[in-house]
A.B. asks: 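Can you keep this structure in mind? I'll have questions shortly.
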Amino acid sequence: MIQYIIRRFLYAIPLLFGVNVLTFVLFFIVNSPDDMARMQLGQKHVTEQAVENWKQQRGYHLPLLWNDQQQGIKKVKETIFYQKSVNLFLFQFGISDSGRNIGADIKQRMWPSLAVALPTLLVGLLVNITVALMMVLFRGSYLEFSSIVLCVILMSISSLFYIIGGQFVIGKLLKLVPISGYDGGLDAIKFLVLPVIISVIAGIGSGARWYRTLFLEEVNKDYVRTARAKGLTETQTLFRHVLQNALIPILTGVVVVLPLLFMGSLILESFFSIPGLGSYTIDAINRQDFAIVRSMVFLGSVLYIFGLLLTDISYTIVDPRVRLS
Amino acid sequence: MTILWTDALIFFLVLMMLVLGFYLRGKEHLRRPIGKVTASRVGMMSLVILVFFGMIGLLDSIHFKPANDKSNEIISLLDYWTTSIRQQQEKTYSSPFAAYSYSKENITTDDGRQLWTYPRLKYGGAHLKNPDIKKTHDIMQKAAIGFTKGAGLFAFFFILLLSFFKERKQTILKGTAAKPVWMIIFIIVSGSYMLIDLSGFYHVLGTDKVGEDVFYQAVKSIRTGLVIGSLTTLIMLPLAIIFGIMAGFFRGWVDDVIQYIYTTLNSIPGVLLIAASILMVQVYMANNEDQFTSLVVRADMRLLFLCLILGVTSWTGLCRLLRAETLKLREMEYVQAAQALGVRRRIILMRHILPNVMHIILISVVLDFSSLVLAEAVLSYINIGVDPTTYSWGNMINSARLEMAREPIVWWSLMASFLFMFTLVLAANIFADTVRDAFDPRRADND
């Protein structure tokens, strides 16, 4: 088992390296630091000196990959690639273009993101599975047909509509909860209710349909027929056998997104002004803060790869058929 | 005539579809699934809606510089035909079918008094002397006339069609899906005729902040949505097909390299990769302004870039499916037999593998379409989508969402974009389901 986990860990290293090289190419080769400086300082009246200063402040004045002017190991170390990209491996995100410590910001902002994303995931899972089970239980009836139609309709509505509509109806007309904002501690709950409800509703359409196909695949299998043949009622087969067997794909689908919950959701957080990592990224995009976007890209991939790893491990734990080879 | 990049690619896509349709015409193994699609009522209805949207998009893709216009503006055929709507600009907001402006203004009456009241609109309902009394009646009347005209047009062409295809009368009238299809065509033709008729006198969906007709904006946005949905797949398909089939067929180091590439790309969260790439495109455009001669060209390039980036981020899913399917197919007896007979690998790939994964490609293309249209709105909302000057539903939502806080609220801009987007996406979703049910061999066994 441990050997297996170590092998999976080693497999993650080339992936992370690939991500790192890709972001490096995207951020430093496609456009040189000079281009970025001009963009940030304004196009027309930029002196060479101003561009140099801007680069100096942010450490972009070094050569890209190889520094001829230094000695020994410093030839590699005193370069943008080493300073900006390799340090990401050590989770040293450095300073943002506006001069803040990115690492500290991330540490502070990931909790609000998690506070929104985790309840959303759990409630969403519960609701989607319940709806899907109901659809499978009443399959072939008008109830199922109409709920499938409803699912397709729900799926076709833009998520922006749910957010704007939900804010308008619940927040502005009914005045049940504040429209947006955030607070520390338990006060946060009243700010979190609305985003959670909205994202759960927005996810029902595709989620319930997805779980329904999962369940339907299981329902047609032989063991279900056996269970029915030995006299179990439809509900018993569904909850005892089908649900338990379908839990394996459900679980692995959930595990892979677990680490990404820290990243938060971009639109949701910016609409509800929750100070999480999603809104952090959006602000960075709007301010064109390349350092933050670069760090977030890397952090996102690290978390995703970690999620894949967890999935593999959880597979081996829950599914006895999977062998470690 | 001016051909923008996306225009060229769209027409290339249409041409490809025609060629493919011609090539697949009458193929025996496709008769059953295609028959299943044509027999599905909702499927055919949504196809009609999609085709209607597609035609508007195509009209909007033929660009030219008007000869009599001195300005260097590039307009499309659709713009040309809707010149009256395009140029009937009000000062600011006005609600749908309004005759009065949304905000109060100081106006001087004929006898020199100053009045603090809602001014009449310049174009909306301007033909009415006394809009308070006459407006509803007038709208009803104009709508009825427009609808009748449209219905007449429909009837004319319907009868023309029947007389041309006398011997095929049975299929036109009696097919399983014939009735709903003709019904929906009737509704579309008469409905759009009615809307066009009304647009001459009113702002059917109101006007936005700078007084532009919202109906016009929503119609113009159709092209953007379609371009994103279709060109992205055009870019994604070659990547996914070539890499997916090669990885599955050759295995070994080819497979390893391709798997490495798509896992790496896949591990970067899509939105962030798009954001990073769009930021870079912005920097590039800002530093090379001289390459983009006009606003339209610039916006068009950005749209193309967006499709490109979306394509790069979204090919991995299809690639993985194709790899798995090819892995299965290459062990099939007929492929083994072909190999044993010494058929060249290129030929095996083209003749035995590719046609057998076609259904996966088709299904994933139609399934992706709707999610791409929805993604455009979200991306434009966070400013990493299309150019702010491009008409798109995302941009409409973005500029209108703060207006919900106004009193009375300005709802029409949001509503219009959501309705148009919803219609397109719903039609696409239903059609995708129909296609999947018809072409997926696993589902075909069930009935």
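All chains are named by letter (A, B, ...) in the order of the sequence lines, taking the proteins before the strands, and each is independently numbered beginning at 1.
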A.B. asks: More than 12 foreign heavy atoms under 6.0 Å from CZ of A:Phe306: is that the case here?
C.D. replies: no
A.B. asks: Does any heavy atom of chain A fall under 4.5 Å from the side chain of B:Leu424, the backbone, both, or neither of them?
C.D. replies: neither
A.B. asks: Going by side chain to side chain contact (heavy atoms under 4.5 Å, CB included), B:Asn383 matches just one of A:Ile282, A:Ile285, A:Asn286. Which one?
C.D. replies: A:Asn286
A.B. asks: Which region of A:Leu303, side chain (C-beta onward) or backbone (N, CA, C, O), has a non-hydrogen atom less than 4.5 Å from a non-hydrogen atom of chain B, or is it both or neither?
C.D. replies: neither
A.B. asks: Can you tell me how far CG of B:Leu374 sits from OG of A:Ser158, rounded to the nearest 0.5 angstrom?
C.D. replies: 5.5 Å
A.B. asks: When rounded to the nearest 0.5 angstrom, what distance separates CD1 in A:Ile305 from OG in B:Ser267?
C.D. replies: 4.0 Å
A.B. asks: Inspect the surroundings of CZ in A:Phe168 and state if more than 12 heavy atoms from other residues, nucleotides or ligands are less than 6.0 Å away.
C.D. replies: yes
A.B. asks: On a heavy-atom basis, which atom in A:Gly18 and which in B:Thr264 lie closest, and how many Å separate them?
C.D. replies: C-CG2, 3.6 Å
A.B. asks: Around atom OH of B:Tyr260, are there more than 12 heavy atoms of other residues, nucleotides or ligands at under 6.0 Å?
C.D. replies: yes
A.B. asks: Rounded to the nearest 0.5 Å, what separation is found between the CG atom of A:Leu308 and the OG1 atom of B:Thr263?
C.D. replies: 8.0 Å
A.B. asks: Which bit of A:Phe161 comes within less than 4.5 Å of chain B, counting heavy atoms only: side chain, backbone, both or neither?
C.D. replies: both
A.B. asks: What orientation do A:Phe271 and B:Tyr381 show, parallel under 30°, tilted 30 to 60°, or perpendicular over 60°?
C.D. replies: parallel
A.B. asks: What I'd like to find out is whether the side chain of A:Ile164 reaches to under 4.5 Å of the side chain of B:Ile397, using heavy atoms alone.
C.D. replies: yes
A.B. asks: Might you point out which heavy atoms bring B:Asp433 and A:Arg209 nearest each other, and give the distance in Å?
C.D. replies: OD2-NH1, 2.8 Å
A.B. asks: Identify which part of B:Val271 has an atom lying under 4.5 Å from any heavy atom of chain A, answering side chain, backbone, both or neither.
C.D. replies: side chain
A.B. asks: Which one, A:Ser206, A:Gly300, A:Ser301, leads in non-hydrogen pairs under 4.5 Å with chain B?
C.D. replies: A:Ser301
A.B. asks: Could you tell me which portion of B:Thr423 (side chain, backbone, both or neither) has an atom closer than 4.5 angstrom to a non-hydrogen atom of chain A?
C.D. replies: neither
A.B. asks: Kindly compute the distance separating OG1 (A:Thr23) from CD1 (B:Ile268), expressed to the nearest 0.5 Å.
C.D. replies: 6.5 Å
A.B. asks: If you look at every heavy atom in A:Met296 and B:Leu272, which pair is closest and at what distance?
C.D. replies: O-CD1, 3.5 Å
A.B. asks: Which atoms form the tightest heavy-atom contact between B:Leu279 and A:Val293, and what is the distance?
C.D. replies: CD1-CG2, 3.9 Å
A.B. asks: Take a 6.0 Å sphere around CE of B:Met285 and say whether it holds more than 12 heavy atoms from other residues, nucleotides or ligands.
C.D. replies: yes
A.B. asks: Shorter than 4.5 Å, heavy atoms on both sides: which option in B:Ile278, B:Asn266, B:Ile430 has the most such pairs with chain A?
C.D. replies: B:Asn266
A.B. asks: If you count heavy-atom pairs under 4.5 Å with chain B, which of A:Leu160, A:Val297, A:Leu22 comes out on top?
C.D. replies: A:Leu160
A.B. asks: B:Asn429 and A:Ser156: which non-hydrogen atoms are nearest, and at how many Å?
C.D. replies: ND2-OG, 3.0 Å
